[in-house]
There are 2 protein chains.
Amino acid sequence: MTTDIQSNLEAKNGAYAAEFTKGHLPLPPGKEYLVVTCMDARIDTAAAFGIDLGDAHVIRNAGGSSRDALRSILISEQLLGTQEIVLIKHTGCGMLTFTNEDAHALVQKNLGPAAAAEIATLDFLPFPELDQAVRDDVLFLQKQNTIPESIAVSGWVYSVETGRVRRVV
Amino acid sequence: MTTDIQSNLEAKNGAYAAEFTKGHLPLPPGKEYLVVTCMDARIDTAAAFGIDLGDAHVIRNAGGSSRDALRSILISEQLLGTQEIVLIKHTGCGMLTFTNEDAHALVQKNLGPAAAAEIATLDFLPFPELDQAVRDDVLFLQKQNTIPESIAVSGWVYSVETGRVRRVV
(Lines give C-alpha, C1' and ligand atoms only; values in the text may rest on other atoms or scores of the structure.)
Protein backbone atom coordinates (compact mmCIF):
# COMPACT_ATOMS: atom_id res chain seq x y z
CA MET A 1 0.00 0.00 0.00
CA THR A 2 1.22 3.46 -0.85
CA THR A 3 -0.06 6.49 1.05
CA ASP A 4 -0.44 9.98 -0.46
CA ILE A 5 2.60 11.08 1.56
CA GLN A 6 4.70 8.25 0.11
CA SER A 7 3.49 9.00 -3.45
CA ASN A 8 4.37 12.67 -2.97
CA LEU A 9 7.86 11.70 -1.77
CA GLU A 10 8.44 9.47 -4.80
CA ALA A 11 7.15 12.01 -7.31
CA LYS A 12 8.92 15.08 -5.89
CA ASN A 13 12.14 13.14 -5.28
CA GLY A 14 12.07 11.82 -8.85
CA ALA A 15 12.04 15.37 -10.16
CA TYR A 16 14.85 16.36 -7.74
CA ALA A 17 17.02 13.39 -8.70
CA ALA A 18 16.53 14.07 -12.42
CA GLU A 19 18.23 17.47 -11.98
CA PHE A 20 20.74 16.38 -9.31
CA THR A 21 24.38 17.33 -9.96
CA LYS A 22 26.00 17.17 -6.49
CA GLY A 23 26.74 13.47 -6.20
CA HIS A 24 30.41 13.82 -5.33
CA LEU A 25 30.36 15.84 -2.13
CA PRO A 26 32.55 14.41 0.66
CA LEU A 27 31.11 13.03 3.92
CA PRO A 28 32.48 15.68 6.35
CA PRO A 29 30.65 19.04 6.28
CA GLY A 30 32.55 21.44 4.00
CA LYS A 31 32.20 24.42 6.33
CA GLU A 32 32.91 22.37 9.48
CA TYR A 33 29.86 23.45 11.47
CA LEU A 34 26.57 22.08 12.68
CA VAL A 35 23.17 23.58 13.29
CA VAL A 36 20.81 22.35 16.02
CA THR A 37 17.23 23.48 15.51
CA CYS A 38 13.61 22.42 15.98
CA MET A 39 11.67 19.84 13.94
CA ASP A 40 8.96 22.52 13.40
CA ALA A 41 7.33 22.29 9.97
CA ARG A 42 7.70 26.04 9.42
CA ILE A 43 11.52 25.95 9.24
CA ASP A 44 13.36 25.34 5.94
CA THR A 45 16.87 25.09 7.31
CA ALA A 46 18.75 25.26 3.99
CA ALA A 47 16.88 28.33 2.74
CA ALA A 48 16.34 30.22 6.01
CA PHE A 49 19.82 29.68 7.44
CA GLY A 50 21.76 29.85 4.16
CA ILE A 51 23.16 26.32 4.27
CA ASP A 52 24.38 25.11 0.87
CA LEU A 53 24.38 21.37 0.19
CA GLY A 54 27.40 19.78 1.86
CA ASP A 55 28.15 22.73 4.18
CA ALA A 56 26.87 21.69 7.62
CA HIS A 57 25.32 18.96 9.71
CA VAL A 58 21.71 19.75 10.58
CA ILE A 59 20.31 18.23 13.77
CA ARG A 60 16.59 18.71 14.39
CA ASN A 61 14.40 17.58 17.27
CA ALA A 62 11.40 18.79 19.25
CA GLY A 63 12.46 22.18 20.61
CA GLY A 64 15.95 22.22 19.13
CA SER A 65 17.26 20.67 22.34
CA SER A 66 21.05 20.57 22.66
CA ARG A 67 20.74 17.96 25.41
CA ASP A 68 18.78 15.66 23.09
CA ALA A 69 21.29 16.40 20.29
CA LEU A 70 24.42 15.55 22.28
CA ARG A 71 25.06 12.12 20.74
CA SER A 72 24.85 13.61 17.24
CA ILE A 73 26.99 16.61 18.20
CA LEU A 74 29.76 14.35 19.54
CA ILE A 75 29.80 12.28 16.35
CA SER A 76 29.94 15.46 14.27
CA GLU A 77 32.76 16.89 16.39
CA GLN A 78 34.87 13.80 17.04
CA LEU A 79 34.46 11.86 13.79
CA LEU A 80 33.62 14.48 11.17
CA GLY A 81 35.60 17.59 12.07
CA THR A 82 32.94 20.06 13.21
CA GLN A 83 34.43 23.17 14.82
CA GLU A 84 31.37 25.31 15.52
CA ILE A 85 27.81 24.90 16.85
CA VAL A 86 24.87 27.14 15.93
CA LEU A 87 21.77 26.58 18.08
CA ILE A 88 18.51 28.06 16.76
CA LYS A 89 15.17 27.87 18.59
CA HIS A 90 12.09 29.68 17.26
CA THR A 91 9.01 31.72 18.09
CA GLY A 92 5.72 29.88 18.48
CA CYS A 93 7.45 26.66 19.50
CA GLY A 94 5.21 23.81 20.64
CA MET A 95 7.58 23.19 23.56
CA LEU A 96 6.32 26.43 25.13
CA THR A 97 2.76 25.08 25.32
CA PHE A 98 2.88 22.07 27.67
CA THR A 99 4.61 20.52 30.70
CA ASN A 100 6.00 17.04 31.22
CA GLU A 101 2.96 16.25 33.35
CA ASP A 102 0.62 17.32 30.51
CA ALA A 103 2.42 15.10 28.00
CA HIS A 104 2.47 12.03 30.25
CA ALA A 105 -1.23 12.50 31.08
CA LEU A 106 -2.02 12.75 27.35
CA VAL A 107 -0.24 9.48 26.58
CA GLN A 108 -2.09 7.77 29.44
CA LYS A 109 -5.44 9.11 28.19
CA ASN A 110 -4.92 8.47 24.46
CA LEU A 111 -2.84 5.30 24.47
CA GLY A 112 -3.45 3.63 27.83
CA PRO A 113 -1.37 2.33 30.73
CA ALA A 114 1.04 0.09 28.75
CA ALA A 115 2.11 3.05 26.62
CA ALA A 116 2.31 5.35 29.64
CA ALA A 117 4.47 2.82 31.50
CA GLU A 118 6.79 2.44 28.51
CA ILE A 119 7.76 6.13 28.68
CA ALA A 120 7.28 6.73 32.41
CA THR A 121 10.78 8.19 32.84
CA LEU A 122 10.86 10.16 29.57
CA ASP A 123 11.66 13.87 29.87
CA PHE A 124 9.88 15.62 26.98
CA LEU A 125 12.17 18.65 27.51
CA PRO A 126 9.56 21.41 27.27
CA PHE A 127 10.58 24.96 28.24
CA PRO A 128 8.54 27.91 29.55
CA GLU A 129 10.56 30.85 28.13
CA LEU A 130 12.24 31.07 24.74
CA ASP A 131 15.32 33.28 25.16
CA GLN A 132 16.14 31.65 28.51
CA ALA A 133 15.91 28.22 26.88
CA VAL A 134 18.45 29.33 24.25
CA ARG A 135 20.81 30.57 26.98
CA ASP A 136 20.33 27.38 29.01
CA ASP A 137 21.08 25.19 25.99
CA VAL A 138 24.23 27.10 25.05
CA LEU A 139 25.44 26.91 28.65
CA PHE A 140 24.69 23.18 28.74
CA LEU A 141 26.95 22.67 25.73
CA GLN A 142 29.71 24.89 27.05
CA LYS A 143 29.76 22.91 30.31
CA GLN A 144 30.29 19.54 28.64
CA ASN A 145 33.79 18.11 29.00
CA THR A 146 33.21 16.55 25.58
CA ILE A 147 32.88 19.97 23.94
CA PRO A 148 36.23 21.79 24.16
CA GLU A 149 36.40 25.58 24.53
CA SER A 150 37.80 25.84 21.00
CA ILE A 151 34.32 25.02 19.65
CA ALA A 152 32.36 28.28 19.16
CA VAL A 153 28.75 28.01 20.33
CA SER A 154 26.14 30.67 19.51
CA GLY A 155 22.41 30.79 20.28
CA TRP A 156 19.66 32.33 18.14
CA VAL A 157 15.90 32.69 17.80
CA TYR A 158 14.19 32.29 14.40
CA SER A 159 10.87 34.06 13.91
CA VAL A 160 8.36 31.88 12.07
CA GLU A 161 6.33 35.06 11.53
CA THR A 162 9.03 37.10 9.77
CA GLY A 163 11.59 34.52 8.65
CA ARG A 164 14.30 36.45 10.49
CA VAL A 165 16.93 35.18 12.97
CA ARG A 166 18.03 37.15 16.03
CA ARG A 167 21.14 36.36 18.04
CA VAL A 168 20.61 35.74 21.77
CA VAL A 169 24.05 34.63 22.92
CA MET B 1 33.09 38.26 18.20
CA THR B 2 31.38 37.09 15.05
CA THR B 3 32.64 34.05 13.17
CA ASP B 4 32.41 33.61 9.38
CA ILE B 5 29.67 31.03 9.95
CA GLN B 6 27.65 33.50 12.01
CA SER B 7 28.14 36.28 9.42
CA ASN B 8 27.00 33.92 6.67
CA LEU B 9 23.88 33.04 8.69
CA GLU B 10 23.01 36.70 9.22
CA ALA B 11 23.59 37.69 5.60
CA LYS B 12 21.81 34.76 3.96
CA ASN B 13 18.95 34.90 6.46
CA GLY B 14 18.53 38.64 5.86
CA ALA B 15 17.97 37.96 2.16
CA TYR B 16 15.54 35.10 2.98
CA ALA B 17 13.54 37.22 5.44
CA ALA B 18 13.33 40.10 2.95
CA GLU B 19 11.40 37.84 0.54
CA PHE B 20 9.51 35.86 3.21
CA THR B 21 5.73 35.57 2.71
CA LYS B 22 4.75 32.53 4.81
CA GLY B 23 4.44 34.09 8.26
CA HIS B 24 0.95 32.79 8.99
CA LEU B 25 1.35 29.03 8.81
CA PRO B 26 -0.17 27.15 11.79
CA LEU B 27 1.92 25.20 14.30
CA PRO B 28 0.73 21.64 13.44
CA PRO B 29 2.19 20.18 10.22
CA GLY B 30 -0.30 20.74 7.38
CA LYS B 31 0.15 17.26 5.91
CA GLU B 32 0.19 15.53 9.32
CA TYR B 33 3.42 13.58 8.83
CA LEU B 34 6.98 13.57 10.03
CA VAL B 35 10.28 12.61 8.46
CA VAL B 36 13.18 11.13 10.43
CA THR B 37 16.50 11.34 8.61
CA CYS B 38 20.23 11.84 9.12
CA MET B 39 22.04 15.09 10.00
CA ASP B 40 24.32 14.46 6.99
CA ALA B 41 25.36 17.68 5.23
CA ARG B 42 24.53 16.23 1.81
CA ILE B 43 20.77 16.05 2.45
CA ASP B 44 18.47 19.00 1.69
CA THR B 45 15.27 17.60 3.19
CA ALA B 46 12.85 20.17 1.74
CA ALA B 47 14.17 19.87 -1.83
CA ALA B 48 15.07 16.17 -1.94
CA PHE B 49 11.96 14.88 -0.18
CA GLY B 50 9.46 17.40 -1.59
CA ILE B 51 8.47 18.97 1.73
CA ASP B 52 6.81 22.36 1.32
CA LEU B 53 7.06 24.83 4.19
CA GLY B 54 4.54 23.91 6.88
CA ASP B 55 3.91 20.36 5.62
CA ALA B 56 5.87 18.07 7.95
CA HIS B 57 8.00 17.81 11.06
CA VAL B 58 11.62 17.02 10.18
CA ILE B 59 13.69 15.20 12.79
CA ARG B 60 17.39 14.79 12.03
CA ASN B 61 20.14 13.12 14.03
CA ALA B 62 23.30 11.11 13.45
CA GLY B 63 22.18 8.12 11.39
CA GLY B 64 18.49 9.03 11.24
CA SER B 65 17.91 6.93 14.35
CA SER B 66 14.26 6.34 15.23
CA ARG B 67 15.30 5.32 18.75
CA ASP B 68 17.03 8.68 19.26
CA ALA B 69 14.03 10.44 17.70
CA LEU B 70 11.39 8.85 19.93
CA ARG B 71 10.83 11.86 22.22
CA SER B 72 10.27 14.12 19.22
CA ILE B 73 8.06 11.57 17.47
CA LEU B 74 5.80 11.28 20.53
CA ILE B 75 5.42 15.06 20.77
CA SER B 76 4.60 15.22 17.06
CA GLU B 77 2.07 12.40 17.34
CA GLN B 78 0.42 13.19 20.68
CA LEU B 79 0.46 16.99 20.68
CA LEU B 80 0.57 18.00 17.02
CA GLY B 81 -1.53 15.46 15.15
CA THR B 82 1.04 13.51 13.11
CA GLN B 83 -0.47 10.40 11.49
CA GLU B 84 2.45 9.03 9.48
CA ILE B 85 6.19 8.44 9.86
CA VAL B 86 8.71 8.39 6.99
CA LEU B 87 12.17 7.13 7.98
CA ILE B 88 15.00 7.84 5.50
CA LYS B 89 18.60 6.70 5.99
CA HIS B 90 21.22 7.24 3.27
CA THR B 91 24.17 5.78 1.39
CA GLY B 92 27.65 6.71 2.58
CA CYS B 93 26.45 7.31 6.14
CA GLY B 94 29.12 7.98 8.76
CA MET B 95 27.36 5.57 11.12
CA LEU B 96 28.54 2.69 8.90
CA THR B 97 32.19 3.58 9.53
CA PHE B 98 32.78 3.07 13.27
CA THR B 99 31.77 1.08 16.36
CA ASN B 100 30.82 2.26 19.83
CA GLU B 101 34.26 1.12 21.01
CA ASP B 102 35.95 3.26 18.33
CA ALA B 103 33.98 6.36 19.32
CA HIS B 104 34.62 5.97 23.05
CA ALA B 105 38.33 5.38 22.41
CA LEU B 106 38.46 8.52 20.26
CA VAL B 107 36.90 10.67 22.98
CA GLN B 108 39.37 9.26 25.52
CA LYS B 109 42.31 9.99 23.19
CA ASN B 110 41.23 13.45 22.01
CA LEU B 111 39.51 14.85 25.09
CA GLY B 112 40.85 12.89 28.07
CA PRO B 113 39.43 10.86 30.96
CA ALA B 114 36.95 13.45 32.31
CA ALA B 115 35.23 13.67 28.92
CA ALA B 116 35.34 9.90 28.46
CA ALA B 117 33.79 9.37 31.89
CA GLU B 118 31.05 11.90 31.16
CA ILE B 119 29.75 9.81 28.25
CA ALA B 120 30.80 6.34 29.46
CA THR B 121 27.31 4.89 29.03
CA LEU B 122 26.46 6.67 25.76
CA ASP B 123 25.36 4.46 22.86
CA PHE B 124 26.44 6.23 19.65
CA LEU B 125 23.99 4.01 17.72
CA PRO B 126 26.24 3.09 14.78
CA PHE B 127 25.05 0.36 12.40
CA PRO B 128 26.98 -2.06 10.15
CA GLU B 129 24.47 -2.53 7.29
CA LEU B 130 22.21 0.10 5.74
CA ASP B 131 19.04 -1.68 4.59
CA GLN B 132 18.98 -3.80 7.74
CA ALA B 133 19.26 -0.65 9.85
CA VAL B 134 16.21 0.78 8.05
CA ARG B 135 14.23 -2.40 8.71
CA ASP B 136 15.37 -2.48 12.36
CA ASP B 137 14.34 1.14 12.90
CA VAL B 138 10.90 0.67 11.34
CA LEU B 139 10.35 -2.45 13.47
CA PHE B 140 11.48 -0.55 16.56
CA LEU B 141 8.80 2.06 15.93
CA GLN B 142 6.09 -0.48 15.15
CA LYS B 143 6.81 -2.28 18.44
CA GLN B 144 6.33 0.81 20.60
CA ASN B 145 3.11 0.89 22.61
CA THR B 146 3.25 4.66 22.18
CA ILE B 147 2.95 4.36 18.39
CA PRO B 148 -0.48 2.92 17.52
CA GLU B 149 -0.98 0.66 14.47
CA SER B 150 -2.97 3.41 12.78
CA ILE B 151 0.29 5.34 12.22
CA ALA B 152 1.80 4.29 8.87
CA VAL B 153 5.58 3.79 9.06
CA SER B 154 7.73 3.40 5.92
CA GLY B 155 11.51 3.06 5.56
CA TRP B 156 13.68 4.39 2.73
CA VAL B 157 17.28 4.87 1.59
CA TYR B 158 18.41 8.15 -0.01
CA SER B 159 21.41 7.99 -2.32
CA VAL B 160 23.77 10.94 -1.79
CA GLU B 161 25.36 9.96 -5.12
CA THR B 162 22.20 10.18 -7.26
CA GLY B 163 19.76 12.20 -5.16
CA ARG B 164 17.22 9.39 -5.45
CA VAL B 165 15.20 7.64 -2.71
CA ARG B 166 14.45 3.92 -2.72
CA ARG B 167 11.81 2.28 -0.53
CA VAL B 168 13.04 -0.53 1.72
CA VAL B 169 9.97 -1.31 3.83
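Letters go in sequence order (proteins before strands), and every chain restarts at 1.
- The contact between A:I119 and chain B is made entirely by side chain atoms (from C-beta outward), counting heavy-atom distances below 4.5 Å.
- Taking CG of A:L106 as the start and CG of B:L79 as the end, the distance is 5.5 Å to the nearest 0.5 Å.
- A:R71 places no side-chain N or O within donor-acceptor distance of the main-chain N or O of B:L122, the cut-off being under 3.5 Å.
- In this structure, A:L111 CG and B:Q144 CD are separated by 11.5 Å, a value rounded to the nearest 0.5 Å.
- A:V157 and A:V153 fall within a single hydrophobic cluster, where Ile, Leu, Val, Met, Phe, Trp and Tyr are joined by side-chain heavy atoms under 4.5 Å apart, directly or via other members.
- For B:R135, the CZ atom counts as densely surrounded, since its 6.0 Å shell holds more than 12 non-hydrogen atoms of other residues, nucleotides or ligands.
- For A:M1, the part lying under 4.5 angstrom from a heavy atom of chain B is the backbone only.
- For A:T162, the part lying under 4.5 angstrom from a heavy atom of chain B is the backbone only.
- Counting heavy-atom pairs closer than 4.5 Å to chain A, the top-ranked of the candidates B:A152, B:S154, B:A47, B:G92 is B:A47.
- Not one N or O on the side chain of A:N13 forms a donor-acceptor pair closer than 3.5 Å with the backbone of B:F49.
- Counting heavy-atom pairs closer than 4.5 Å to chain A, the top residue among B:S76, B:S72, B:A103, B:A114 is B:S72.
- One hydrophobic cluster, built from ILVMFWY side chains closer than 4.5 Å, cannot hold both B:I5 and A:L80; they sit in different ones.
- Heavy-atom distances place the backbone of A:D123, and not its side chain, under 4.5 Å from chain B.
- Put simply, CG on A:L70 and CG on B:D68 are 10.0 Å apart, with the number rounded to the nearest 0.5 Å.
- Using a 4.5 Å cut-off between side-chain heavy atoms of Ile, Leu, Val, Met, Phe, Trp and Tyr, with links allowed through other members, A:F20 and A:I51 fall into different hydrophobic clusters.
- A:E77 has its side chain out of reach of B:N110: every pair of non-hydrogen atoms, C-beta onward, lies at least 4.5 Å apart.
- Interface remark: A:A69 contributes no atoms to any contact with chain B (heavy atom separation under 4.5 Å).
- Side-chain atoms of B:M39 and A:V35, non-hydrogen and from C-beta on, never get closer than 4.5 Å to each other.
- Between chain A and the residues B:L27, B:I73, B:N61, the most heavy-atom pairs under 4.5 angstrom are made by B:L27.
- At a 4.5 Å heavy-atom cutoff, the contact between B:D55 and chain A is made by backbone atoms alone.
- Under a hydrophobic-cluster definition in which Ile, Leu, Val, Met, Phe, Trp and Tyr are linked whenever side-chain heavy atoms come within less than 4.5 Å, directly or via other members, B:L34 and A:V58 are assigned to different clusters.
- When heavy atoms are compared at a cutoff of 4.5 Å, A:E118 approaches chain B solely by way of its side chain, counted from C-beta outward.
- Enclosure of atom CD in A:E19 is not indicated, since only 12 or fewer non-hydrogen atoms of other residues, nucleotides or ligands lie within 6.0 angstrom.
- The candidate with the highest count of non-hydrogen atom pairs below 4.5 Å against chain B, out of A:G54, A:A48, A:A115, is A:A48.
- Between B:W156 and A:Q6 the shortest side-chain heavy-atom distance falls below 4.5 Å.
- One finds the CG atom of B:D40 at 5.5 Å from the NE2 atom of A:H57 (value rounded to the nearest 0.5 Å).
- One distance of note links CD of A:Q78 with NZ of B:K109; it measures 9.0 Å at 0.5 Å rounding.
- Between chain B and the options A:D102, A:I59, A:I147, A:T37, the largest number of non-hydrogen pairs under 4.5 Å is found for A:I59.
- Residue with the most contacts toward chain A among B:A116, B:G50, B:G23, B:A41: B:A41 (heavy-atom pairs, distance under 4.5 Å).
- When the candidates B:I75, B:I88, B:V36, B:L25 are compared by the number of heavy-atom contacts under 4.5 Å with chain A, B:I75 comes out ahead.
- Proximity of A:T146 to B:V107: side-chain heavy atoms (C-beta onward) are separated by under 4.5 Å at one or more points.
- There is no contact between A:P126 and chain B, counting heavy-atom distances below 4.5 Å.
- Neither the backbone nor the side chain of A:T21 comes within contact range of chain B; no heavy atom of the residue lies under 4.5 Å from a heavy atom of that chain.
- Using a 4.5 Å cut-off on side-chain heavy atoms (C-beta onward), B:L9 and A:Y33 make no contact.
- Distance check: B:T45 OG1 to A:R60 CZ gives 6.0 Å after rounding to the nearest 0.5 Å.
- Contact annotation for A:E84: only side-chain heavy atoms (C-beta onward) come within less than 4.5 Å of a heavy atom of chain B.
- In this structure, B:V165 is not a member of the same hydrophobic cluster as B:V168, with clusters built from ILVMFWY side-chain heavy atoms closer than 4.5 Å.
- Classification of the B:Y16-A:Y158 ring pair by plane angle, with boundaries at 30° and 60°, yields tilted.
- Contacts of B:V160 with chain A are made by backbone atoms alone, with heavy-atom separations under 4.5 Å and no side-chain atom involved.
- The choice from B:G14, B:A56, B:A46 that makes the most heavy-atom pairs within less than 4.5 Å of chain A is B:A56.
- Looking at B:R167, the atoms closer than 4.5 Å to chain A (heavy atoms on both sides) all sit in the side chain, from C-beta outward.
- Ranked by heavy-atom pairs under 4.5 Å with chain B, the list A:S65, A:A62, A:C93 is led by A:A62.
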